[in-house]
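Taking it in order: structure first as structure tokens, then the write-up.
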Amino acid sequence: MIILHVVGARPNFMKAAPVMAALGARGVSQMLVHTGQHYDAAMSEVFFHELGLPAPDLNLNVGSATHSVQTAEVMMRLEPVLLERRPEWVLVYGDVNSTVAAALVCAKLRIRVAHVEAGLRSFDRTMPEEINRMLTDQIADLLLTPSEDGDANLLREGIAPSRIRRVGNVMIDTLLRLLPAAERRWPEVRRRFVTTRFSLLTLHRPSNVDDPQKLMRVLGTLAGSSRELPVIFPIHPRTREALRSARAEVPEAIVLTEPLGYLDFVALQRHATAVVTDSGGIQEETTVLGVPCLTLRANTERPVTVSMGTNTLVGDDLDRLRDELRGIAGGGGKRGSVPPLWDGRAAERVADALLAAGGE
Ligand code: UD1
């Protein structure tokens, strides 16, 4: 049996790593295809080293383009690979353009495809990722969900229960495995940023960064809070590009850095007083680390991080952001608890589910 994994963008890598390890431990032959959606060393290469992912067997080098072109390029370049290799299963991860593109190629070729992180819904169709999630789940053969809400969403969309397996959160497998290594990085990371109390900021959603005035208002609010909590901001290439084309500068009070590797970023999350983000995965990681997270979105496809975890949705209410930050700086903020099956063993359950379904 050959299992082929398709990854493309930064948040895919930490999900594929534990699944590849669990399948490898069970003696399964595997192949890794990188679509090249993310191509900068800081967005891709560094993660392969740190996560212990094997070098991709193939890179499709699709690069950046409009969503349609990027999706189409992945499809066109992946189809001949799948026709040649004919894997028993293809695994796709998360909700990026590469995920839906690969799932669609598999569905057309009638190659079985499993979606890791299935069933998440923000119910906001203006998000490109929501479209990717819905379409991928409709056409995938096996839907591996991280939490109960995922199962409920899929059932509501008419998906047969026999296609759904609740496995837990594979990204948390990686977090728990590498937390000790991240902690060993902390003394050096702390020296670099010269502060012990800080908030950690990430921003890359089109809804937050593509309108420069909105982006500058968010950054202005955070700069205003930086006397109580200095802000560290590893900037995503999309956000850097948005600022450059608007000829806007990040306020000086904010400590700007290039995108960080996994270990340094986890070390910063672990030691942050607060995290401010519009990322999906960071809402989950902060919940497990017990660090209060303020999410600059009106909705989340990961509601369990709000109901059980440390996440608070602040939308684009910047007064609320300022007040919440002040509360956290003063010792407040959610502590939360860890959702079921976010236990470091999710990839084992993915591997078992695939092997059980393998002979069907
Ligand atoms: C993508 C995912 C998003 C995920 C994010 C994590 C989709 C629809 N979105 O968004 O869900 O949270 O990755 O990072 O798939 N760029 C570079 N170097 C790179 C990659 C991107 O400079 O290595 C720049 C390019 O200018 C590009 C822009 O970033 O146009 C956007 O990249 P893209 O992969 O299209 O989407 P992201 O915004 O990164």
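When a ligand or atom number is given, it counts from 1 through the structure's own listing order.
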Out of curiosity, is Glu241 lining ligand 1, as in a heavy atom under 4.0 Å away? no
From the options Asn97, Asp210, Val209, select the one whose nearest heavy atom is closest to atom 8 (C) of ligand 1. Asn97
Please report which non-hydrogen protein atom sits nearest to atom 24 (C) of ligand 1, along with the residue it belongs to and the distance in Å to one decimal place. Pro237 CB, 3.7 Å
Could Arg191 and Glu188 be called an ion pair, given the rule that one side-chain N must be under 4.0 Å from one carboxylate O? no
Looking only at atom types and distance, does a side-chain atom of Gln30 sit under 3.5 Å from a main-chain N or O of Met20, one as donor and one as acceptor? yes
Strictly below 4.0 Å, N to O, side chains only: are Arg302 and Glu117 in salt-bridge contact? yes
Is any NZ, NE, NH1 or NH2 atom of the basic residue among Arg121 and Asp137 found under 4.0 Å from an Asp or Glu carboxylate oxygen of the other? yes
Suppose I only count heavy atoms of Asp95 and a 4.0 Å limit; which atoms of ligand 1 are within that range? 11 (O)
Between Asn208 and Arg205, is any side-chain donor less than 3.5 angstrom from a side-chain acceptor? no
Does the N or O separation between Tyr39 and ligand 1 drop below 3.5 Å for any pair? yes
Kindly identify the option in Ser98, Ser64, Gly280 whose heavy atom sits closest to atom 30 (O) of ligand 1. Ser64
Where on Met43 is there a heavy atom closer than 4.0 Å to ligand 1, on the side chain, on the backbone, on both, or on neither? side chain
Is the His271-Phe193 ring centre distance short of 6.0 angstrom? no
Using a strict 4.0 Å cut-off to heavy atoms of His204, name the atoms of ligand 1 that fall inside it. 4 (C), 5 (C), 6 (C), 12 (O)
Any side-chain donor-acceptor pair under 3.5 Å between Thr202 and Ser279? no
How far is atom 29 (O) of ligand 1 from the closest protein heavy atom, and which atom is that? Arg238 N, 3.6 Å
Pick whichever of His38, Glu130, Arg205 has a heavy atom sitting closest to atom 1 (C) of ligand 1. His38
Mode of Ser44 contact toward ligand 1 - side chain, backbone, both, neither (heavy atoms, under 4.0 Å): neither
